[in-house]
Structures are given as structure tokens and as C-alpha cells.
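Have a look at the structure below before the remarks.
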Amino acid sequence: MNPFDKAFNPAQFEARVEARWREGDLFRARPDTPGSAFSMVIPPPNITGRLHMGHALNNTLQDILARWHRMHGSDVLWLPGTDHAGIATQMVVERELIREGSGREALGREEFVRRVWKWKEEYGGAIASQLRRLGASCDWSRERFTLDPGLSRAVREVFVRLYEEGLIYRDKFIVNWCPGCRTAVSDLEVLPQETRGQLTTIAYPFAEGGGSIHVATTRPETMLGDTGVAVHPEDPRYRALIGRRVVLPLVGREIPIVADPFVDPQFGTGAVKVTPAHDPNDFAAAQRTGLPAIVVMDGQARMNDAVPAPYRGLDRFAARERVLADLGAAGAIVAVREHFHNVGRCQRCQTVIEPLLSTQWFVRVKPLAAPAQQAVADGRVRFTPAHWVNSYNEWMENIHDWCISRQLWWGHQIPAWHCGNCAHITVARDTPAACGGCGGTALRQDPDVLDTWFSSALWPFSTLGWPESTPELRRYYPTTILVTAFDILFFWVARMIMMGLKFMGDVPFRQVYIHGIVRDAQGQKMSKTRGNVIDPLEVIERHGTDALRFTMAAMATPGSDLPLAEERLAGYRAFANKIWNATRFVVMNLDESAANSPPPGLPPHAELTLPDRWILSRLQGLTRSVGASIEACRFDEAANALYQFLWHEYCDWYLEMAKPFLVAAAQPAETARTRAVMVEVLDAVLRLMHPFMPFLTEELWSRIPHAGDLLAVAPLPVPDPSLDDPVAEADMAIVMEIVGRVRNIRAELNIDPGRRLPLLYDTREERPARTLAATAAILTSLARLDRLEAGGRLDREGPAARAVAVGVDLAVPLAGVLDLEAERRRLQREVDRLTTERDGHARKLANPDFLERARPEAVEKTRHAHAEVAERLERLGRTVASIS
RNA sequence: AGGCGCGUAGCUCAGGGGGAGAGCGCUACCUUGACACGGUAGAAGUCAGCGGUUCAAAUCCGCUCGCGCCUACCA
């Protein structure tokens, strides 16, 4: 074992501890063992991913749950894995090819896909090893990848079944087309962005002459694909024009004026140009009114051959300029004004999305959404925090069909085959030998792949072996809980619920814990462009994994984001250091041989001193509250309770009180008893703390007397009601108050901290008297006294600083040193404070309504508090009088 | 436009009908044999504003202001 360094240095043990866990094979789920199971699937990070703060937060919280339940005795499955991330991964590899002077087209599909697999083998594992570094206690033997054979089989099975039920269909429809990625994307992958643009009003002349109708547009280039003009059927300005024809400028095509209620008479001119192939509203209107659709752009958003020659081949934005110039020259522009509107951009590449009519595959989601909504409504899936149910319901109610085909090469190729002879499409689990329509054998598989989220939606059961009924599937589905951030509530969570219900007949998880996202100290989203990214791996190097994890846990307040500041990390690193040194202190005060022997166990209760009984009682409270907090996913509460207990109760008070019993001059029996209690409590708190700070606690636990091999699989402490001791807690409150009073005197009267002081006390009450007598050695040590004397008149020794504690008058004789003026000010402040407090209580008690209507306990409590403060104030008043 | 959330100490945030709290920061003092990544003491708040309910409101309700986010539409 390494020497016990004075300072905590995580780099020294983290890797070693991780290796011990790995060698111990501790995190493997055991589906065949009896007892309760706890299961969770990881939100699979992209194979292109590198650990960021979002992962750190998400996986820290999951790991806390996994470790907690493992130590609680459950059979824990935390299933890890990665997502093939269609577009993202394809882009990474394409960029690589471009750097090599090649490209995806040059390689061809088969070779390209081989290349991406190669990339995956090389780099796709990085994120998993970074998760290990974070301490993630996943069952790595069950790691999955969304393109694994097993998961691919599940994908095909789901696709075929949905197709056979008519819930997947292929149709020509307006979709969100990304000209940058050259694929369709779903509604969720389009991010609206407020943009300053122009609203141009154009005159379309009537075919038979005699004027024109004015239409307004923000995308003038699309007019080349107009097939009509729409007005509201009730609009009196235009009613007479319905059915007349206009000539499309620059194109010369005659198009009709039609009526459709989608037109808002209040907006623009109240007349709308209709471009069915490039606008969803126009498409819908065209379907209702029978207008044809003309696609005017290619996959890269360049004008195609359907437009007049001058515009062909122009990029859509160049075409826009050209159209505007030509319309201007032709005198067709009526007005141009600045206009702010939302422009949809691609989530991946930020290219402006072009609505485009094309043939795609869709999932009819409404029939899946209804049961999914029901499952949440009746509590089969519980959302934490619950308010997310609102967003979930709203989305489910307004859900549109899901475009699942992507014009990519990396992903699950759609299991549909087109026939060379007939129009039939054969959808099958395995490559069919012949067309299901005509029996022809000239089959070509649909080139498109599925949206990555399609396979993610199956993750909770595809990873457990579905469609086989495996032991894993039977035991771990539905999973206990899903931990995720709100930004993928619709992308992922909602779809998993739909698919789980559809194919497993049950929800995929019983609870969803939705956490916030990590931001910078100013609350800004972290992004490379802002340059405010805090890299978790760098934090781990600077402060250690445990400080990072504890920060994540302590900041994980439900329903809010986490503004992460460097000081916060440093603060929890200091906490780790505190734990390190507390353990160091304990170990230094044990027999040298003790570390490798089992803990001595608690001495008989009758031998325990007040501090022993106090800290043990506090520990029971801590054990209960941490357990309750974890159950409620209040990681912040649990972390704060541990922090408070370890630092401000165990270190600040218990270990300080233990010191007099650990010196060579102490009674051997007292030393042994103190050692036993301080080890017992430290052992318990290291166990409770382990899920939060696994590396540090594992390392320290191995250095104190412990039973068992590894803390990661040691049992959690169980609250022991026989150690609850409210009397000890109340008595310790007296001791703590008296020590505080003396320290206050010392600090406020500027007395040398090193100087030992005499303390006289006077009490007529039995309990404080007994407590003080029993804790004389402790008081002497903590308050740095040289004399502690009971009874008698406190003023007999001349000038003294005074204080009153609960039931006790105190005097610190300070002949020759006391600054009387300072002392008077100090006491006056205390008198003022108590007076305010007493008057507050008195006011309430003088109110008959309060006495009559408030709960009797509340009245009693106020009476008690009033009496107490009044009594104390009276004693203080006498004390002040006696010195002046 | 609709929905959700938030406004509490200088900063970041807990709390949520009867005592205004934590961490960091700040001030003063202290290298006391675990820890200066430490110790002790202290200063610091109109709990956004207005109104209501209540014996009692930071807490519940309504409105206003400010901030953030989500969803939809925007020719």
C-alpha cells in the first residue's frame, strides 16, 4: 500500500481502483439469481462522441443508482452500449475521405460502409473507455451497439410487423430536406431560427389582362414552382376572382386562383402563391384543391430542369437573387419590406432546410401514441419531475407521422425490395428470393436507411435479446428507471414508450428521471463556438473523478439546469481532500496492524460516551435520509446530507472530541472505545458515500479495518433504531452551544487564540450540570480551557466575559485583559437579538385569534420558545447588570 | 400564439403555511501533531412587485414585470 500522503491525489489510485473492479467482475448482472432486480439501459452515446459534461451528469446519476442498488443487495443490470448515429458518423467519415481527396461516391456504397465499420472499430470504443474512467459500473459483458446483428434483427422484425399492420407506409409527401446532408430528416431534427428576411410582394397579372393579383413571399425562388394562387373563400376582396387565371411571371405558365381556408386574410395581401412541392401548407392546400406539384430543385437545392433555362443549375439563394432582379426589371415587384421569421435549419449541419416533395417511408404514429399517453396517464410510467408529463402529452396529441427514411448509407437499410418487373414492394425479414407480387427475381433493396432513432426506440428490449424470449428479457424488462435529459424526451423517450407498448405489451421503464443540462457558470449553454466548454476529462485530471461526480450529484436539483463553475468543482475536490484526511487521521490513531483486520465493532452501549452516542445517532438519521433521497432521485439532497455530516459533524465535532481520548496519556479503555466508534462511523459513511465517490471511498476503505474485499460490493449500512438517541443529540447541543459561546468571546474580544482560558459556569438545572460534568475533558479541549469550574458566584473573580447558554450562565474571567467597552457592545448585541426574538413570540401569543385558531401544537411551540427566550434574556439582563 | 419553469445573501442555488438557509465569495484572527484543498468567529437578504386567502404567506391563489426553455405557425 502507498504511504498515507498528506494530500488527496486522485491520479495515484483511480486507475488502480478501476482495475480492481474490472478484475473482480463485479458489475455483471446475474439473471439466474434469486432476489430483486434493478435494471437500467444507458442512453447510448454516439460512437462519434467524446465524453462531455452531459454524459458526465447522466452517467454519474445512473451510476449512483446502480451502485446504491447493488450495495443494497439487488441484482443490478446497467446495460451499456453505443448508437451508430447515422448522419453524424457518416459525416465524420465523409470528411475524412474528402481530406484524402476521395469521397463517398467514389468509394461506392459497399466500400464506404466497410470504411465506416473500420472507423467504428478504431474510434467507436473511445466513449466506452471514457465512461469507465467516470466509474460507470455497467455490465460491460452485455455491451450493445445499435447495428449489432441482434439489434438489426429486432429492427427488421419491428419494421416488417409495422408494415404488415399498415403502420409503416411509403408515400410521396412534403418532408424536411437537408441539402447539406442530402437526406430527409424528421420534424424534430429541424431547429427553427429567428431570421431577418424580406417579404416581397409580387404582381401576378390576370391571363385575360386587366390588372393583377398581389402575392407576398419570403422565398421568391419558389415562385418558379407555383401552380396556383390561393385566397380565403370568404374574403370579399377576392371572392369574385376565384376561378380566374393568372400568368406566372418569368415562367409564363397560366395558373388558377383557388379558394382555401388555410389562407389568413390578415397576413400580407391575403393572397398566397401556392408551391405544392416546396411548402407543407401549400402541399396540403394543393391536395384539397387539386393543384399539381412541380419540384423545382434537386437534392442539393439547385434549380432543376423544370424551371426556365436562365435559372437552371443555380443554387436556391442565387436563384432568389436572380428571380428578384428579373421580377424587378419586369416591373412585377410591388413592395419589399423587412420581415422577421423563423427559418428551419438542420440540427446536424445548420443548412437551411428545404421542404421538398419526395417519396419516403413513414410511421403512422397516432395509433401508437394513444396507448403511450395512456401508460403515462395511469402511472405505469412515472415522470420525475412530474411536470414533464405536460410536454409529453402536448407532443403526443399533436404528433405527426414520422419520416423514418434517410438517404444515407450508414444505418439499417430498409428491409424492402423493389421489383424490376412490377410495382410491388416486398417487405421481409430476410432478403427475399422473389417478388411477392409477380414472382420476378429482379429485386433491388430500397437504398434508404432508417432514422437512427428508429433503432434507439427499441433499445430497452432489443438489447435484452428480443424477439427471442431470453432470460434477460424476462427478468429485466420493464427496466426500473431511465435516466435522461429533457432534450431527447420526444426523440427517444416518447418513442421508446410507444414501441415498448407495441412490441412488448408493457412499458419500457417504470420511471423516467429527467435531469437538466450542464451549462457554464453564467448559465449559457456550453458550445465550441462560445468557447465555454468544460471538458470532463480535463476536470478529472485536475480534481479527480470523484470531485466531478459529487459536483454533478450535488447540483442535480430536479427541474433545473446545472450552471457549472470551476469553484464548485474545486470546492468538492476540497471535500474529497477532507475525507482523505479524516481517514488519514483515523488510521494514524489506530494500531498499526488494525487496517487489515476486521472492524472491532461497537462497544457495549453502556460504555459509550455522549459524543459516541451523539455521532451514532446522527449516523442513523443520515443513513435514513440518504436512502430516502436516493429513492426519490434527490441526488442533491443526498450529496448535501453526506457533505454536511462528514465535514461538519464527523470532522468538526466528533473527531475533535475524540482527540483527548487518543493521546498516549488517555486511558487504554477509552482509547479502544473511541477507536472503535470512529472506525465504525467512518466505515458506514464511506459505504453511504461510495455511490457518489466510488474511487476515493474504495481506496480509503481498503486502508481502514474492513470486512470483505471490495467496497463496491459491500452492503450499505442499515439504520439501527437502538442507536437513535434524541437525548444525546439534545445534550450535545448544549455542549456545542457552550463551546460556541467561549469561541465567540475569544474571537470578538480579540483574545489570543492560543491562550487557554478559565471557564466558570452556574446552573440550577440538573441536566446541563450532568452534561457539563461528563464532558469536562471535551469542553477543555474544544474551548481551549485551562480551568473549568462549576457553581458559585460568577462575579467573584472580577472582570469576566459573560454569556448565557440554555440553562447555564457562563463567565470567562479575564482580569487585566477584558476590554469592558467591547464586552458591553457584545452583550448588547445579544440582548437585542434575543429581545427581537422574544417580542416576535410575544406578539403572536397576544393575538387571541392565534391562540384560538392555530393548531394547538403551534401555540404550544410558540409558548415554549417564548418562555425559553424570555428566561434566557432575563438571565442575560442580570448578567449585564452585574458587570456595570 | 400556447405551454412549462424560474426570480430567496455579492455569485450559484436549496427550502416551500408558524424559526430565512447552504456552498462559494467577503471581513477578522489562527501554520493548535489529520487536513491552509485547513480551523474559529463574523458581516451580509423588502424571499421581484401588487393584490387576495389565512390567526399566520418567502411558501397557497390571482395579476404585473423580468428571465429561460419547449411546441406550433409565420405566405
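Note that this is a predicted model, so its numbers are computed, not measured. All chains are named by letter (A, B, ...) in the order of the sequence lines, taking the proteins before the strands, and each is independently numbered beginning at 1.
Nearest nucleotide to the side chain of A:Asn390, out of B:rC35, B:rC4, B:rU12: B:rC4. For A:His387, whose side chain is taken as the heavy atoms from C-beta onward, the closest listed nucleotide among B:rC4, B:rC24, B:rA34 is B:rC4. Comparing B:rA41, B:rC35, B:rC4 against the side chain of A:Asn581 picks out B:rC35 as the nearest.
Nucleotides B:rU59 and B:rC47 are separated by 9 Å at their C1' atoms, to the nearest Å. Nucleotides B:rG51 and B:rG39 have their C1' atoms positioned 50 Å apart, rounded to a whole Å. When the P atom is compared between B:rA34 and B:rU40, the two are found 14 Å apart, to the nearest whole Å. Between B:rA57 and B:rU64, the two P atoms lie 24 Å apart (nearest whole Å). Taking atom P on both nucleotides, B:rC67 is separated from B:rA72 by 24 Å, rounded to a whole Å. On the P atoms, B:rG21 is 13 Å away from B:rG45, given to the nearest whole Å. Of the C1' atoms belonging to B:rC13 and B:rC6, the separation is 12 Å, rounded to the nearest Å. Comparing the P positions of B:rG62 and B:rG3 gives a spacing of 12 Å, expressed to the nearest Å.
Residues in residues 738-747 of chain A take part in these side-chain hydrogen bond (donor to acceptor under 3.5 Å, both in side chains) pairs, two or more places apart or across chains: A:Glu737-A:Arg741, A:Arg741-A:Glu830, A:Asn744-A:Glu748, A:Asn744-A:Arg826.
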Could you list the protein-to-nucleotides 25-33 of chain B atom pairs, N/O on both sides, closer than 3.5 Å?
none

When you compare the protein's N or O atoms with those of nucleotides 67-72 of chain B, which come within less than 3.5 Å of each other, and at what distance?
none

### Query
When you look at A:Gln524 and A:Arg519, which way does the side-chain hydrogen bond (donor to acceptor under 3.5 Å, both in side chains) test go after all the steps?
CA-CA 5 Å; A:Gln524 302 274 321; A:Arg519 297 171 174 275; over 6 Å; no
### Message
Could you walk me through whether A:Phe692 and A:Phe575 satisfy the ring pair (Phe, Tyr, Trp, His ring centres under 6.0 Å) test, starting with their C-alpha distance in whole Å, then the side-chain angles of each, then the deciding distance to 0.1 Å, before giving a yes or no?
### Response
CA-CA 12 Å; A:Phe692 297 81; A:Phe575 178 53; over 10 Å; no
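Contact annotation for A:Asp264: base contact, defined as any heavy-atom pair under 4.0 Å involving a base atom. Residue contacts for A:Tyr643: at a heavy-atom cut-off of 4.0 Å it reaches the sugar-phosphate backbone alone, with no base atom in range. A:Glu868 comes within 4.0 angstrom of nothing in the nucleic acid, heavy atoms only. A:His866 comes within contact range of no nucleotide atom at all, as no heavy-atom separation falls under 4.0 Å. Looking at heavy-atom distances under 4.0 Å, A:Val859 makes no contact with the nucleic acid at all.
In this structure, A:Asn532 contributes its side chain and A:Lys525 its backbone to a donor-acceptor pair below 3.5 Å. Listed for the A:Asp282 side chain is a donor-acceptor partner under 3.5 Å among the backbone atoms of A:Thr275. Listed for the A:Thr269 side chain is a donor-acceptor partner under 3.5 Å among the backbone atoms of A:His214. Within the 3.5 Å criterion, the main-chain N or O of A:Arg542 finds a donor-acceptor partner in the side chain of A:Arg573. Distance alone, capped at 3.5 Å, is enough to place a donor-acceptor pair between the A:Asp546 side chain and the A:Leu696 backbone.
Using a cut-off of 4.0 Å between Lys/Arg side-chain N and Asp/Glu carboxylate O, A:Arg703 and A:Glu699 are scored as salt-bridged. Remark: A:Asp279 engages A:Arg219 in a salt bridge, criterion side-chain N to carboxylate O under 4.0 Å.
A straight line from CG of A:Leu642 to C1' of B:rA22 spans 15 Å, rounded to a whole angstrom. The distance from atom CZ of A:Arg542 to atom P of B:rC37 is 16 Å, rounded to the nearest whole Å. Atom-to-atom, CD of A:Glu566 to C1' of B:rG23 comes out at 15 Å; the value is rounded to the nearest Å. Going from atom CZ of A:Arg584 over to atom C1' of B:rC37 covers 13 Å, rounded to whole Å. The distance from atom CD1 of A:Ile514 to atom C1' of B:rC4 is 12 Å, rounded to the nearest whole Å. Taking atom CG on A:Asn577 and atom P on B:rG38, their separation rounds to 7 Å, with Å as the unit. Note: CG (A:Asp652) to C1' (B:rA34) measures 13 Å, nearest angstrom. Atom pair A:Asp5:CG and B:rC35:P shows a separation of 12 Å (rounding to whole Å applied).
For A:Arg573 and A:Gln522, each mapped to the nucleotide of RNA chain B holding its nearest heavy atom, the one lying further toward the 5' end belongs to A:Gln522. Taking for each of A:Leu851 and A:Glu656 the nucleotide of RNA chain B with the nearest heavy atom, the 5'-most of the two is the partner of A:Glu656.
A search for salt bridge (Lys or Arg N to Asp or Glu O under 4.0 Å) contacts involving A:Glu541 returns A:Arg133, not counting sequence neighbours.
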### Message
Both atom distances under 3.5 Å, Watson-Crick or G-U wobble: I'd like the secondary structure of RNA chain B as a dot-bracket string, with | for pairs made across strands.
### Response
(((((((..((((....[..)))).(((((.......))))).....(((((..]....))))))))))))....
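Ring to ring, A:Trp395 and A:Phe490 are close: their centroids are under 6.0 angstrom apart. In this structure, the ring of A:Trp647 has its center less than 6.0 angstrom from the ring center of A:Tyr643.
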## Note on the structure
Heavy-atom contacts, protein to nucleotides 14-20 of chain B, under 4.0 Å, summarised as B (base), S (sugar-phosphate only) or - (none) per nt, yield SS--B--
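Between A:Lys6 and B:rC35, a side-chain N or O to OP1/OP2 separation shorter than 4.0 Å is present. For B:rA22, neither phosphate oxygen OP1 nor OP2 lies less than 4.0 angstrom from any side-chain nitrogen or oxygen of A:Trp647.
No more than 12 heavy atoms of other residues, nucleotides or ligands sit less than 6.0 Å from atom NE2 of A:His864.
Between A:Pro249 and A:Leu327 there is a side-chain heavy-atom pair separated by less than 4.5 Å.
Ring planes of A:Phe13 and A:Trp580: parallel class, angle under 30° (limits at 30 and 60°).
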